[in-house]
Peer 1: 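What follows is a structure written as structure tokens; I'll ask about it next.
Along the sequence shown, residues are numbered consecutively beginning with 1.
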Amino acid sequence: GKFGRVPAQNKPKDMDSENKKINDARIAVLNQTEELIGLKKAKAAKDKIDAASKKEKSLKKKYEKLLKEQKAIKAELEDLMIRRFFVVPSFEIYGGVAGLFDFGPPGSALKDQFLEFWRRHFVIYEDMLEITSVCVTPYKVLETSGHVAKFADFMVKDVKEGNCFRADKLLENHIDDVVAGSISKEKREELLTIKANADAYDAKGLGAMLKKLNVKAPGTGNDLTEPFPFNLMFGTQIGPSGHSPGFLRPETAQSIFVNFKRLLEYNRERMPFAAAQIGLAFRNEISPRAGLLRVREFLQAEIEHFVNPKDKSHKRFANIADIKANLLPREAQKGECKCLVMSFGEAVEKKIIDNETLAYFLARTQLFLHRCGINPLKLRFRQHLADEMAHYAADCWDAEIYLRGYKWVEVAGHADRSAYDLKVHSKATNKDLQARLTLDKPRIVNVVEAVPVMKALGKDFKRDSKAVKLYLAGLSKEAVLKLEEDMKPGQATIKVDNKEFILLPKHVEFKKYEKKESTVSYIPSVIEPSFGVGRIIYSILDNALKFEGKGKEKRSILSIPAVIAPVKAGVFTVTNKEELLKFAREVRNELVEDGLACQHDISTTSIGRKYAKADEVGIPFCIAIDDETKVDKCVTIRDRDSWKQVRLAIGEVSTVIGKLCKLKMTFEECIKKYGEFKK
């Protein structure tokens, strides 16, 4: 259907002329280094060692040249993004601020088209409930979620200059430099395994690795301090009193969790269901030096799918079970980190992916990214290492895209967060955040309760009696039985809100009885796909950029898929005669009335130059009005990616462009219907 079609230009046939060359060159260097080390160990003749060393240097030069070419393409892309005002540094005339960027007209339009497609693909197709919430979050909410205590990266400082660096990134960059040199296969695999674990180390482990590998401060070569945690949240005050601290939210998820009860009621108590939110998040990054890939204010698109912890199946899992993906499970994250190509169905069956719902969203993310122009062979899913996951998480996978000049970059996280979030918010607020499952047949259950004696509680505990009452009401069956056992000597000590209370038999009664129940209450687990919009937009542009011609004839082309292209069509005339401009205005008005953004170029530039300018900003279709239009009332539509053309009546243009941009028709199908126009 319309969500199942991947544009032809996104299929993998082109990609690996570029990546295969780099991979082949890298392997050639590794093999030659191994041969050289072997000759030296065997004390081979000097001429053999010299010849092997000369060959290694030659292969390294070839490899380094290919890497430089990728970095040059990265530089050209970033230049194009600024020159054509896709993205520019914020407050540029004041010198800019690291980690803050503004989107210009084409960048804003691309972002809006991307988000509209994201909504169609996820929110509408999956019947999700979308909310919009505030960015300022009270201290208590983020204290409960764990962000106040744990939302931090490890930082190190140059001991002399005081410059700050993110410790795990320094370690990763240092290892990249070392493995590019002449080292044994065993040493290389050891270092790459350390790199894969870089963001999973605690402060002590990270410090030990930095010392072991003799990592110094970039630029100065000075020693570094021991790593220490730096909380990434921007603090603020809510109101003028100074008594209500808060933060700019580091993620959009918490506002969905605190609204869970209303969302469940809105959904008529039906489970499972998903809620979604698109909104800004803020993280005070230590050293943002990677453009849109590491910023301090960014747009997130997050989904929280609530599900019964005992049933994580998905009703549409069969639809995606046979789709194959590049999977990098934690067991494969040693040395070269080779992906497994496996279907999602097989991955769930073998328990590589924990459950159907998590696998379903991984598959839907893959389909979405492919349709956004991400080359299938540049996309993989990497499983979090055991010590990289939060203690409460059941399973986590990141969608990573290979970017020129950066290598593998995370763009979307997929986490089974278990029932942690709703549990902690329920406990902190004493609110019922449970869902209920209606049983096929009622059942008899044994109930054990700790019933507070309010007269005695009120007399002894005064204002704290309500808190003690709520504590007793929230005890599980096992906790009630333990409390009863603890009180057999005559009293028991409990802790409520960091205060200790001594309970006596007069304060509580223990009741045991049988009860018929037709529903079961449970706190839902959460499966969370979270998308970094800025990172994906950069990835789309990186995948879209290609070149035609050489030297002065070299042209940049952004092959952005039509479904998310910022401008859908260019409307051009071959001359500036009024009789042709009249037709151009007619075509332009039809397009914009149908909600299709277009560029109406009335300059005297040649039609070829107009095409080239349109290609550079990613316009997928160009409509040319020529002298024959006066006679046949037809125009030519040119496809950016194939450079093929069709000719059709003016009255059909908007309908055809609309179908092409909504994935209801391919240009090949358009040619079949109207015939290729070759004049």
Side-chain angles (χ1 to χ4, degrees), residues 131 133-152 229 231-233 235 238 244-265 271-275 277 279 281 283 300 302-310 312 354 357-358 384 387-396 413-436 466-480 482 494-500 521-530:
I131 70 166
S133 62
V134 297
C135 295
V136 178
T137 307
Y139 183 97
K140 182 64 177 175
V141 174
L142 293 169
E143 181 184 44
T144 299
S145 67
H147 285 81
V148 171
K150 296 180 180 178
F151 196 72
N231 194 290
L232 299 176
M233 292 192 293
I238 303 172
S244 183
F247 297 96
L248 296 180
R249 64 184 180 190
E251 62 179 18
T252 63
Q254 296 307 316
S255 52
I256 295 179
F257 299 139
V258 299
N259 278 299
F260 169 76
K261 199 66 182 173
R262 290 194 178 276
L263 287 163
L264 183 62
E265 289 169 0
M271 288 284 295
F273 75 91
Q277 179 168 200
R283 297 180 186 178
Q300 276 190 318
E302 287 198 308
I303 296 163
E304 309 299 333
H305 183 91
F306 299 100
V307 64
N308 189 329
K310 295 181 179 179
K312 294 180 181 178
D354 185 73
T357 298
L358 182 58
H384 284 204
D387 51 3
E388 189 182 355
M389 292 197 301
H391 66 277
Y392 54 79
D395 197 8
C396 298
H414 302 74
D416 181 338
R417 298 171 68 116
S418 69
Y420 172 80
D421 301 282
L422 295 182
K423 279 182 179 177
V424 295
H425 286 302
S426 179
K427 183 178 179 182
T429 60
N430 292 309
K431 300 295 183 185
D432 179 12
L433 299 181
Q434 297 183 100
R436 284 160 185 83
K466 185 178 179 182
V468 174
K469 174 190 171 184
L470 291 170
Y471 170 84
L472 293 172
L475 293 177
S476 66
K477 179 180 177 180
E478 293 75 16
V480 172
K482 184 178 185 304
I494 62 170
K495 195 171 184 179
V496 182
D497 294 337
N498 294 319
K499 286 185 180 180
E500 288 191 347
S521 298
Y522 62 91
I523 295 182
S525 285
V526 177
I527 312 292
E528 178 192 71
S530 177

Peer 1: Hey, does the side chain of Ser426 reach the backbone of Lys431 with a donor-acceptor pair shorter than 3.5 angstrom?
Peer 2: yes
Peer 1: Going from CD1 on Ile527 to CZ on Arg417, what distance comes out if it is rounded to the nearest 0.5 angstrom?
Peer 2: 11.0 Å
Peer 1: Once you round to the nearest 0.5 Å, how far does CZ of Phe260 lie from CD of Gln434?
Peer 2: 9.5 Å
Peer 1: Stepwise, does the side chain to side chain contact (heavy atoms under 4.5 Å, CB included) test hold for Phe306 with Leu422?
Peer 2: CA-CA 10 Å; Phe306 299 100; Leu422 295 182; 4.0 Å; yes
Peer 1: Quick check against the 3.5 Å criterion: does Gln300 have a side-chain atom that pairs as donor or acceptor with the backbone of Ala281?
Peer 2: no
Peer 1: Specify the closest pair of heavy atoms between Ala253 and Glu302, including all atoms of both residues, with the distance to one decimal.
Peer 2: N-OE1, 2.9 Å
Peer 1: Would a 4.5 Å heavy-atom cut-off, applied to side chains only, mark Pro250 and Leu142 as touching?
Peer 2: yes
Peer 1: Step by step, would you call His147 with Leu232 a side chain to side chain contact (heavy atoms under 4.5 Å, CB included)?
Peer 2: CA-CA 9 Å; His147 285 81; Leu232 299 176; over 6 Å; no
Peer 1: Work out which heavy atom in Gly279 is nearest to a heavy atom in Thr252; give both atom names and the distance.
Peer 2: O-CG2, 3.8 Å
Peer 1: Which atoms form the tightest heavy-atom contact between Ile303 and Ala274, and what is the distance?
Peer 2: CG2-CB, 4.2 Å
Peer 1: Are there over 12 heavy-atom neighbours, none belonging to Lys312, within less than 6.0 Å of that residue's NZ?
Peer 2: yes
Peer 1: Using 0.5 Å steps for rounding, measure from the CG atom of Asp354 to the CG atom of Asp416.
Peer 2: 6.0 Å
Peer 1: Under the side chain to side chain donor-acceptor pair (under 3.5 Å) rule, what pairs show up with a residue in residues 253-262, not counting sequence neighbours?
Peer 2: Ser133-Ser255, Glu251-Gln254, Gln254-His425, Ser255-Gln277
Peer 1: Atom SG of Cys396 and atom NE2 of His384: how far apart are they, to the nearest 0.5 Å?
Peer 2: 5.5 Å
Peer 1: Is there side-chain contact between Leu264 and Phe273, with at least one heavy-atom pair below 4.5 Å?
Peer 2: yes
Peer 1: With side chain to side chain contact (heavy atoms under 4.5 Å, CB included) as the criterion, how do Thr429 and Val258 come out once you've worked through the C-alpha distance, each side chain's angles and the decisive distance to 0.1 Å?
Peer 2: CA-CA 10 Å; Thr429 60; Val258 299; over 6 Å; no
Peer 1: Would you mind reporting whether Val526 and Ile256 have side-chain heavy atoms less than 4.5 Å apart?
Peer 2: no
Peer 1: For Tyr420, check ring pair (Phe, Tyr, Trp, His ring centres under 6.0 Å) against everything at least two apart and list the hits.
Peer 2: His391, Tyr392
Peer 1: What distance do Glu304 atom CD and Ser525 atom OG have between them, rounded to the nearest 0.5 Å?
Peer 2: 12.0 Å
Peer 1: Are any non-hydrogen side-chain atoms of Phe257 and Leu433 less than 4.5 angstrom apart?
Peer 2: no
Peer 1: Could you tell me the separation between the CE atom of Met233 and the OG1 atom of Thr137, rounded to the nearest 0.5 Å?
Peer 2: 9.0 Å
Peer 1: Could you tell me if the side chain of Arg249 sits less than 4.5 Å from the side chain of Val134, heavy atoms only?
Peer 2: no
